[in-house]
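Have a look at the structure below, then the notes.
Each chain gets a letter, A, B and so on, in the order its sequence line appears, and its residues count up from 1. Fair warning: this is a prediction, and the values are worked out from it, not measured in the lab.
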2 protein chains.
Amino acid sequence: MTQFQTLEDQLRAAMPTMTRAERQLASHMLGNFPLSVLGTVATIAQDAGVSAPTVVRFVRKIGFSGYPEFRAQLHEEMGERLASPITKHEKWADRLEIDHPLNRFALRVIENLRQTLSQQDLRTFDAVRDLLADKSRSVYLIGGRLTRSIAEYFTTALHVMRSDVTLLSSQPNTWPPALLDMSAGDVLVVFDIRRYEPSVQQFAELAHAQQMEVVLFTDQWVSPTAGVARHILTSQIEVPSAWDTIVPLIALVESMLSALQDANWQDTRERLERMERFYEEMLLFKRMR
Amino acid sequence: MTQFQTLEDQLRAAMPTMTRAERQLASHMLGNFPLSVLGTVATIAQDAGVSAPTVVRFVRKIGFSGYPEFRAQLHEEMGERLASPITKHEKWADRLEIDHPLNRFALRVIENLRQTLSQQDLRTFDAVRDLLADKSRSVYLIGGRLTRSIAEYFTTALHVMRSDVTLLSSQPNTWPPALLDMSAGDVLVVFDIRRYEPSVQQFAELAHAQQMEVVLFTDQWVSPTAGVARHILTSQIEVPSAWDTIVPLIALVESMLSALQDANWQDTRERLERMERFYEEMLLFKRMR
DNA sequence: TCTTTTTTGAAACAAACGTTTCAACTTGGC
DNA sequence: GCCAAGTTGAAACGTTTGTTTCAAAAAAGA
C-alpha cells in the first residue's frame with residue numbers, strides 16, 4: 001500500500017502536494033503524534049480546525065482506502081513500538097517450510113506460550129514462589145488425566161530443592177487418607193485443564209476446608225477449582241488439534257522452579273551436590289556386584 | 001473514576017470477581033496488551049472468543065460507563081507513554097519488569113523452542129510419524145528421571161489414537177520381563193536428556209538387538225543411546241538455571257501427536273467419541289450411587 | 001474584472017458501532 | 001433432584017461513525 005517506513009514519514013512526504021486545509025491538518029497531526037490520530041474523524045477535524053471530509057480526503061491522498069485503514073496502520077505501528085520483548089512477534093516463521101504440519105502446530109504453540117507469559121501477573125507468580133519456598137509448609141501436588149504428568153515433573157524437580165513434597169497418586173480413593181497428614185497452611189498445587197475433573201475439584205475443596213493454601217495451574221477458561229484457590233496461574237492452551245497443548249503450563253512450572261532456585265540458591269546447591277553423590281554411590285554399588 | 005494506576009492493573013485486579021467468559025476476555029486482553037484493546041468491541045469479542053455484550057458488561061464491571069470511555073482511558077495512557085520520546089522509555093521500561101525472573105526465563109525458553117523447531121529434520125519427523133501410525137507395530141515408551149513424565153504424557157495421548165501402547169514402569173527391574181512381549185518391528189520410544197541414564201541406554205540396546213525400531217528424543221548433546229536409534233529428534237534444552245527445560249521436547253511430542261491425528265483422523269475421531277461416551281457413563285455411574 | 005478551476009465544509013447518507021433485550025443455558029443452593 | 005439466581009450470546013435497537021453529495025467560497029487564469 002505504501003513504500004514509506006512509518007506513518008509519520010508518510011505525512012511529512014505528502015506535505016508539498018497538499019492544499020491549505022490539508023497542510024493545516026497534517027501539521028496538527030505531526031505536532032501531536034500519535035495521540036492526535038487515535039480518535040475519530042470528527043475529533044481530529046475539530047482539533048485541527050478543518051472539516052471531517054477534509055480528513056477523509058487527506059488520508060485518501062496519501063494512499064489509504066479510507067480512515068479505518070489509516071487508523072489500522074497507526075495501531076500496528078503503535079503496537080510495535082509498545083511491545084515488550086516477550087509480546088513481540090518475531091518474523092522468524094518466514095524461514096520455515098510453513099506448510100508442514102510441524103510448523104503449523106509449532107507457530108500456534110509459540111503463540112500460546114507468548115501470550116501465557118506476557119499476561120502472567122508477576123505478583124501472583126511471586127506469591128506462589130514464596131509459598132513454595134516456605135519450608136515450614138508441606139507441599140502436595142495433584143493433577144488430572146493429562147496434567148498428572150506435569151505434577152509428576154514438578155514434584156521430581158521440587159524434590160531437589162526441598163523436602164516435604166508429595167505427589168498424590170492417580171487413584172482418587174487414596175486421597176482421603178492422604179488428607180489426614182495435611183495441616184492448615186500446607187500448600188496444595190492443583191493442575192486442572194479442560195475437561196475439568198470433578199474428583200480433583202472435590203479434593204481441592206476438601207483441602208481448602210482444611211485451611212490449606214490452594215495454588216491452581218489452569219487454562220484460559222479457568223477450572224471451577226478457582227473458587228477455592230488462593231492463587232491462580234492461567235495458561236493459553238488451544239492449538240489446532242483435537243486436544244490442547246501443555247507447553248505453556250510446563251513453561252510456567254519451569255519458570256517457577258527457576259525462581260525458587262534463585263530464592264534459595266544456597267540450600268538448593270547443597271541438596272544438588274548431595275544428590276549427585278548419592279547417584280554416584282548407587283552406580284558404584286551396582287558395579288561392585 | 002478509578003483508584004488504580006494503569007488499565008492493566010485494573011484488569012488484573014478484577015480477575016477474581018470475574019465470571020468464566022469475562023476471565024477469558026481479560027486473559028486475552030492482558031495477553032495481547034495493548035494492541036488487543038485498540039480495536040472495536042466486535043473485534044475484541046471475536047479475538048477473545050466471547051460475545052460483544054460480554055465485552056461491554058466487562059468494561060462496565062471494572063468501572064467505566066461504556067466501551068468508548070474504556071478506550072479513551074487506554075488512549076490517554078498510551079499517549080502518556082508515547083508522547084515524549086524522553087519520558088517514554090523509562091515509563092515503559094518500568095512496566096516491562098524485564099528483570100523479573102519469569103521474563104528472563106521465558107525469553108530463553110522461547111528461544112530454545114524456536115531453535116528446536118527450525119532445526120528439526122522434517123523427513124525424520126515424518127518417518128517417526130509413519131512408524132507410530134503403523135498399527136501392526138506395538139509401541140513401547142521409556143524415560144529417565146525427569147523425562148518419564150514426558151513419556152507418560154505421550155502414552156496417555158497416544159492411547160486415544162491407537163491400541164498397543166505401553167509405558168514402561170519406572171523400575172528398571174521390570175524391564176527384562178517386559179522385553180518378552182516385544183517383537184521385531186515394534187517401536188521403542190526413548191526419552192533421554194542429560195544426565196543420561198545407563199539403565200535406559202542398556203535397555204535400548206537390548207531392544208535394538210531384538211530388531212526393534214528405536215526412536216530417540218534427546219537434547220542437543222545427544223544421548224549415547226543414539227548409537228542404536230533408527231530415528232533421532234533433538235531439542236535445545238539449555239536455560240539459565242541449574243537444570244534444563246523440557247518445553248521443546250513437549251512441543252515436539254505434541255506436534256507428533258497432531259501429525260498422527262491428521263494421518264488417521266477417521267479412526268482417531270471414532271476412538272475419541274467412544275472415549276467420551278465411556279467417560280460420561282463412568283460419571284453417570286458415580287452419580288447413581 | 002470575469003470566467004474557470006479547484007478547494008472546502010454543511011448536510012444527507014449509509015455503514016459500522018456500542019448497547020439493550022431476551023431466551024437459552026449454566027451454576028449454586030436447598 | 002429440583003428450583004432460583006446468575007451467566008451468556010443472538011438478534012434487534014438506536015447511536016455514532018466515516019463517507020458522499022453538492023453548493024458556496026477561494027484561487028487561478030485570462
Side-chain angles (χ1 to χ4, degrees), chain A residues 14-29 36-75 192 194-196 198 201-202 204-205 208-209 220-228, chain B residues 14-29 36-75 280 283-289:
Chain A
M15 275 297 229
T17 67
M18 291 286 124
T19 65
R20 181 190 56 74
E22 283 167 352
R23 231 192 293 268
Q24 187 178 333
L25 174 62
S27 169
H28 173 262
M29 280 180 170
S36 56
V37 206
L38 282 171
T40 66
V41 167
T43 319
I44 298 172
Q46 195 180 348
D47 289 354
V50 299
S51 70
T54 301
V55 177
V56 175
R57 277 190 290 260
F58 176 77
V59 300
R60 286 256 172 81
K61 218 167 188 173
I62 59 177
F64 296 91
S65 73
Y67 187 71
E69 189 181 309
F70 175 81
R71 184 166 48 190
Q73 170 73 18
L74 181 80
H75 282 177
D192 196 23
R194 68 176 186 187
R195 314 180 16 171
Y196 313 111
Q201 189 188 344
Q202 278 163 26
E205 277 159 11
H208 175 71
Q220 65 255 52
W221 303 283
V222 184
S223 153
T225 305
V228 296
Chain B
M15 275 297 226
T17 65
M18 291 284 126
T19 64
R20 182 188 59 74
E22 285 166 349
R23 238 193 290 260
Q24 186 177 334
L25 174 64
S27 169
H28 172 264
M29 282 179 170
S36 56
V37 204
L38 283 171
T40 66
V41 167
T43 319
I44 297 173
Q46 195 180 348
D47 290 353
V50 300
S51 68
T54 300
V55 176
V56 176
R57 277 190 289 258
F58 176 77
V59 300
R60 287 258 173 78
K61 217 168 187 172
I62 58 177
F64 297 91
S65 71
Y67 186 71
E69 188 181 311
F70 175 80
R71 184 165 49 189
Q73 170 73 19
L74 180 78
H75 283 177
E280 264 169 38
L283 285 178
L284 278 173
F285 180 71
K286 275 186 189 162
R287 286 209 193 97
M288 281 161 67
R289 287 169 58 115

Between the protein and nucleotides 5-9 of chain C, list every N/O to N/O distance that falls short of 3.5 Å.
unit_1	atom_1	unit_2	atom_2	d
C:dT8	OP1	A:T19	OG1	3.4
C:dT8	OP1	A:R20	N	3.4
C:dT8	OP1	A:A21	N	2.8
C:dT8	OP2	A:T19	OG1	2.4
C:dG9	OP2	A:S51	N	3.4
C:dG9	OP2	A:S51	OG	3.2
C:dG9	OP2	A:T54	OG1	2.8
C:dG9	N7	A:R57	NH2	3.0
C:dG9	O6	A:R57	NH1	3.4

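Comparing the start and finish of the helix from C:dT1-D:dA30 to C:dC30-D:dG1, five pairs each, the helix axis swings through 30°, to the nearest 10 degrees.
Rounded to a whole Å, the CZ atom of B:R60 is 16 Å from the P atom of D:dT8. Distance CD (A:E205) to C1' (C:dT27): 13 Å, rounded to an integer number of Å. When the P atom of D:dT7 is taken as reference, atom CD of B:Q24 falls 16 Å away, rounded to whole Å. As a whole-Å value, the separation of B:M18 CE from D:dT7 P is 10 Å. In this structure, CD of A:E69 is placed 19 Å from P of C:dA15, rounded to the nearest angstrom. As rounded to whole Å, 12 Å separates atom P of C:dC17 from atom CD of B:Q46. Atom pair A:I44:CD1 and D:dG18:P shows a separation of 8 Å (rounding to whole Å applied). Atoms OH (B:Y67) and P (C:dT20) sit 16 Å apart, rounded to a whole Å.
Of all heavy-atom pairs between A:P224 and A:Q201, the closest is CG-OE1, 3.4 Å. Counting all heavy atoms, side chain and backbone alike, B:F64 lies closest to B:Q73 at CE2-CB, 3.7 Å. Considering all non-hydrogen atoms of both residues, B:A52 and B:A45 come closest at N-CB, 3.7 Å.
Projected onto DNA chain C by closest heavy-atom contact, B:G39 and A:Q201 fall at different nucleotides, the more 5' of which corresponds to B:G39. Along DNA chain C, the nucleotide nearest A:P224 and the nucleotide nearest B:G66 are compared for position; the residue whose nucleotide lies closer to the 5' end is B:G66.
Close to D:dT7, at under 4.0 Å from its OP1 or OP2, lies no side-chain N or O of B:R23.
Distance alone, capped at 3.5 Å, is enough to place a donor-acceptor pair between the B:Q24 side chain and the B:A48 backbone.
If you check every strand for non-hydrogen atoms under 4.0 Å, B:A45 touches nothing.
Each of A:V56, A:V59, A:V55, A:V41 was evaluated against A:F70; a single residue qualifies, A:V59, per the side chain to side chain contact (heavy atoms under 4.5 Å, CB included) test.
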Chi angles and distances behind the side chain to side chain contact (heavy atoms under 4.5 Å, CB included) call for B:R57, B:T19: CA-CA 11 Å; B:R57 277 190 289 258; B:T19 64; over 6 Å; no
B:L38 vs B:H75, side chain to side chain contact (heavy atoms under 4.5 Å, CB included): CA-CA, chis, key distance, verdict: CA-CA 8 Å; B:L38 283 171; B:H75 283 177; 4.1 Å; yes
Check against side chain to side chain contact (heavy atoms under 4.5 Å, CB included), B:I44 and B:Y67: CA-CA 11 Å; B:I44 297 173; B:Y67 186 71; 3.1 Å; yes
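Put simply, the side chain of B:M18 reaches to within 4.5 Å of the side chain of B:I62, judged on heavy atoms.
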